[in-house]
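This report concerns only the one structure given below.
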Amino acid sequence: MLVPRKVKYRKQHRGRRAGLAYRGSTVSFGDYGLKAMEACWLTSRQIEASRVAISRIVRKHGKMWIRIFPDKPVSKKPAETRQGKGKGGPEFWVAVIKPGRILFEVEGVSEEMAKEAFRLAGHKLPIKVKMVKRRELGG
């Protein structure tokens, strides 16, 4: 699973999820991309499950890029614990996803193969996603 090696601060604020993704919203490396249509926190487990689903189809034919990284720690207090005594410890890591963000990219595979890979990966994710093609410059 994806986790940062080292972070400056162990705990982070929850933050806001409003707005659209303006960074990472175009297909940059591959021919096809999987685009998020909703905002969410994607956990490292969900990213890994999607990666495995895509790589099973793309493995021998093409190349895959993961365009997101879970760098936000989410802390939780244990169940049935009284209030107070500080914030809980970090439990898992998430990537903050905004609508329009490209999550995965593939190249070297047919459009049907990419569509099938992204369909399987979409079932592993808690949000609506869609496949997008790369736009060539000047065309």
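The model shown is predicted, which means the values in this text are computed figures rather than measured ones.
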Drop me the distance from D71's CG to S44's OG, to the nearest 0.5 angstrom.
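Reported value, rounded in 0.5 Å steps: 11.5 Å.
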How many angstroms lie between NZ in K128 and NZ in K130, if you round to the nearest 0.5 Å?
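So the NZ of K128 and the NZ of K130 are separated by 12.0 Å.
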Any [X] side-chain heavy atom under 4.5 Å of [Y] side chain:
X   : Y    : result
F69 : P4   : yes
I54 : F118 : yes
K98 : Y22  : no
E48 : R51  : yes
W93 : T43  : no

Contacts table for residues 8-21: side-chain donor-acceptor under 3.5 angstrom, sequence neighbours left out:
unit_1: K11; atom_1: NZ; unit_2: K87; atom_2: O; d: 3.2
unit_1: Q12; atom_1: OE1; unit_2: K72; atom_2: NZ; d: 3.4

Please check if the side chain of K124 supplies one atom and the backbone of R45 the other of a donor-acceptor pair under 3.5 Å.
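No; judged by distance alone, with no hydrogens or angles, the pair does not exist.
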Hphob cluster co-occupancy, [X] + [Y], side-chain heavy atoms under 4.5 angstrom:
X    : Y    : answer
W65  : L34  : no
V129 : V132 : no
M131 : L120 : yes
V96  : L42  : no
L125 : I57  : yes

For Y32 and K115, run side chain to side chain contact (heavy atoms under 4.5 Å, CB included): C-alpha distance rounded to whole Å, both residues' side-chain angles, the deciding distance at 0.1 Å, then the answer.
CA-CA 9 Å; Y32 305 101; K115 195 174 279 189; over 6 Å; no
Can you give me the closest heavy-atom contact between I47 and A95, atom names plus distance?
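Nearest pair, atom of I47 first, then A95: CD1-CB, 4.2 Å.
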What heavy-atom pair brings A39 and I127 nearest, and what distance separates the two atoms?
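Result for this residue pair: O-CG2, 4.1 Å.
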Below 4.0 angstrom, N of the basic side chain to O of the carboxylate: do R119 and E116 qualify?
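Result for this pair is yes, salt bridge flagged.
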Under 3.5 Å, sequence neighbours excluded: what are the donor-acceptor pairs made by side chains of residues 99-111?
unit_1: R101; atom_1: NH2; unit_2: R67; atom_2: O; d: 2.7
unit_1: E105; atom_1: OE1; unit_2: S28; atom_2: N; d: 3.4
unit_1: E105; atom_1: OE1; unit_2: F29; atom_2: N; d: 2.7
unit_1: E105; atom_1: OE1; unit_2: G30; atom_2: N; d: 2.7
unit_1: E105; atom_1: OE2; unit_2: S28; atom_2: N; d: 3.1
unit_1: E105; atom_1: OE2; unit_2: R67; atom_2: NH1; d: 2.3
unit_1: S110; atom_1: OG; unit_2: M113; atom_2: N; d: 3.2
unit_1: E111; atom_1: OE1; unit_2: K133; atom_2: NZ; d: 3.4
unit_1: E111; atom_1: OE2; unit_2: K133; atom_2: NZ; d: 3.4

